[in-house]
A.B. asks: 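The structure under discussion is supplied below as structure tokens; questions concerning it will follow.
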Number of protein chains: 2
Amino acid sequence: MNLKQLSQLLGLSQTTVSRALNGYPEVNAETRQRVLDAVRETGYRPNRAAQRLATGRAGSIGLVMPTADGIESDVHFGEFLAGLGDEAVKHDFHFVINPSHPEDEVATCRRLVASGNVDALFLAYMREQDPRIAMMKSLKTPFVVHGRSMGIATDYPYLDIDNTGAFYDAARLLAQLGHRHVALINGPDYLTFSKRRTKGTVRALAEHGLVLRDECVSNSQMTDEHGFRAMERFLQLEMPPTAVLCSSTVLALGAVRAINQAGLKLGSDISLIAHDDVLPMLKPENFMVPLTTTRSSLRAAGQRIARRLIADILQLETLPQQELWKTDLIVRASTGPAPSGK
Amino acid sequence: MNLKQLSQLLGLSQTTVSRALNGYPEVNAETRQRVLDAVRETGYRPNRAAQRLATGRAGSIGLVMPTADGIESDVHFGEFLAGLGDEAVKHDFHFVINPSHPEDEVATCRRLVASGNVDALFLAYMREQDPRIAMMKSLKTPFVVHGRSMGIATDYPYLDIDNTGAFYDAARLLAQLGHRHVALINGPDYLTFSKRRTKGTVRALAEHGLVLRDECVSNSQMTDEHGFRAMERFLQLEMPPTAVLCSSTVLALGAVRAINQAGLKLGSDISLIAHDDVLPMLKPENFMVPLTTTRSSLRAAGQRIARRLIADILQLETLPQQELWKTDLIVRASTGPAPSGK
DNA sequence: GGATTTTCCCAAAGCGTTTTGGCATCTAAC
DNA sequence: GTTAGATGCCAAAACGCTTTGGGAAAATCC
């Protein structure tokens, strides 16, 4: 059932039917109702490809999903996607997800846009001087970056959380509690959010005359296993840290296990602060010893980005092009004063 | 840059350029090379919407993502998606993800197909007598179901794991170890995989003259928190179980925490077997006490389904339409003989 | 009552591909 | 030396929608 058949059925022109469906004013209310009824009855759905070809709009947001044999799926990606979905469903948008080898992201983005399959692009997993930004700026397709790059002008639309500030706050708290040796279990070192978190940590420690030792830093994918390994390694140091920062509750999961295994008590022998993306599957307040966290909802970020993208495409409202969200520092039982004598 | 412009640039007809690009034989090798060179130089990309309209093929696989305010993002969804991606990227396919309220799935599926935006559909989160199956069978669009429905003929294409068998094996092992009181922390009760797992458990216990008591069963979303709560509840029973089955390592995470908190020793005071979807973020062998599991890779399932779908669309190879994967029962330290005197 | 606007609808021209049906030219065959 | 078949190319017709540029009838105005 296509528009032609439908219009013949109704004894109307394609034009009128199309207008009736798309809410144009120049069509009689009664006629419109007839059309709407016929649609309901026949189950007619406009062919999106044709619609897209005619309007140039696709009703979809593109994203590139990094994938490769070695690359593990990211819990955080799913949570973010759920946020995007919440908002997209309200406007009948969908996503076009293009898997890509991480090395090939620029080309994949370009291809995705050129294909005409998407109205806007969402960019994430930002790196230093990320080439995707310049590429996207040279096109006219709207885009929003989740996170920020580094070392290039920040004159592009983004939504980021204040990673530097979050870890500055967290590290400062630890320093104030008397901790002299702090460790950091961070995300992959090539991603900018990791770099910023390191920076915030270093800055806060420096203000208290402390340093973040190289052997007290771990960079890895954010899985339970990596958290465990890193913590295990830290605890075997000659001068082990008395406090540790984790870039994710998933990392914290492993870290806490290593701490327990070593027979240490979380919150007294050793303190821990994790960044909490508010993953429903893993709540910091439900750990055996509830975790002190820097909190910022990943799902909310997804919702917001979808909203901005859609507003941009549909010209609905003018939203700020650059947003930097502060994080909350929520103190729970996993932090305490540094053990004396250390 | 479109086909028309490109062909004018080359002094050829659109037909010839199109044929050259799509590998048709009736074009001179030299001409083809000229076209290919021009494409490289101009960065021409065919407009997918137009291509779609002309061919009827879209190069994409559709999936409906359940989303709603109360619904939490599912770790398992992300992992599965990664699997799909692995395979899709090889054939330059992408996904069209349509978020939908769970109540509205049938309509969303139908709309997604009717939109002409996808060549095939992937169905998951199967329920009893799931109406989506009949709906899809009435259309000509290829589809594969991940899981199986219940109470209707199984004459549709699916890939499922042997949930009944997995939990039968696991429960039997527990019974053989002398456990008389077994509990089950399962997924949502309206999903068929949960039902099958319950069935397998009940059957194995029955063969040893045991029953699965109602108060020893929990159905919920598979998050850490629900695992914790369920286990906590079980341990407060007058006659607490000495062994527990978990439908996911995520649930097991919470359950183990509750066990520790109660001062019980996993593997001696209480035994636990979890189903392991091989989530990279949470490996059973890395738990403090490594978990005995029934294992089946979710990512592998995603890869396989993508492969089947693509093969179907492109008519590449004939793959079996119905697959039931056995799971591995891997014994680790979290299972042991039932404590005596109970 | 004629002029002007408003209301409602239509035919036809795109949008950028693929595909159909032909038409030359060149080669091989009798 | 004509004929039959390849070979290599093209013009034009889809595909299913939106949008442009009217145009007839009805309503409104002086």
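Everything numeric here is computed off the predicted structure, so don't read it as measured data. Just so we're on the same page: letters track the sequence lines, and every chain starts at 1.
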A.B. asks: Determine, using ring centers only, whether Tyr190(A) and Tyr125(A) are less than 6.0 Å apart.
C.D. replies: no
A.B. asks: Determine, step by step, whether Leu159(A) and Val145(A) satisfy the side-chain contact (heavy atoms from CB on, under 4.5 Å) criterion, reporting the C-alpha distance in whole Å, the side-chain angles of both residues, the deciding distance to 0.1 Å, and the verdict.
C.D. replies: CA-CA 6 Å; Leu159(A) 171 69; Val145(A) 173; over 6 Å; no
A.B. asks: Which part of the nucleic acid, if any, lies within reach of Arg45(B) when heavy atoms closer than 4.0 Å are counted: base, sugar-phosphate only, or nothing?
C.D. replies: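 Contact class for Arg45(B): sugar-phosphate only.
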A.B. asks: Have a look at Glu26(A) and say if it touches a base, only the backbone sugar-phosphate, or nothing, with a 4.0 Å heavy-atom cut-off.
C.D. replies: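 Base contact.
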A.B. asks: Knowing that exactly one of Ile310(A), Leu309(A), Leu84(A) qualifies, which makes a side-chain contact (heavy atoms from CB on, under 4.5 Å) with Phe93(A)?
C.D. replies: Ile310(A)
A.B. asks: Rounded to whole Å, please give me the gap between NZ in Lys4(B) and P in dG16(C).
C.D. replies: 9 Å
A.B. asks: Hey, what bend do you get for the helix from dG1(C)-dC30(D) to dC30(C)-dG1(D) if you fit axes on five pairs at each end, rounded to 10°?
C.D. replies: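 Inter-axis angle at the ends, rounded: 50°.
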A.B. asks: Roughly how many Å is it from CD in Gln51(A) to C1' in dG14(C), rounded to a whole number?
C.D. replies: 16 Å
A.B. asks: Using only heavy-atom distances, determine whether the side chains of Thr16(A) and Ser13(A) contain a donor-acceptor pair under 3.5 Å.
C.D. replies: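 A pair is found: one side chain offers a donor N or O, the other an acceptor, under 3.5 Å apart.
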A.B. asks: What is the distance, to the nearest angstrom, from the CG atom on Leu53(A) to the P atom on dA13(C)?
C.D. replies: 17 Å
A.B. asks: Let me have a per-nucleotide readout for nucleotides 19-24 of chain C, 5' to 3', with B, S or -, counting only protein heavy atoms under 4.0 Å.
C.D. replies: BBB---
A.B. asks: Under 4.0 Å from any heavy atom of chain A: name the first and the last nucleotide of DNA chain D that qualifies, 5' to 3'.
C.D. replies: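 So the contact region on DNA chain D extends dG16(D) to dG21(D).
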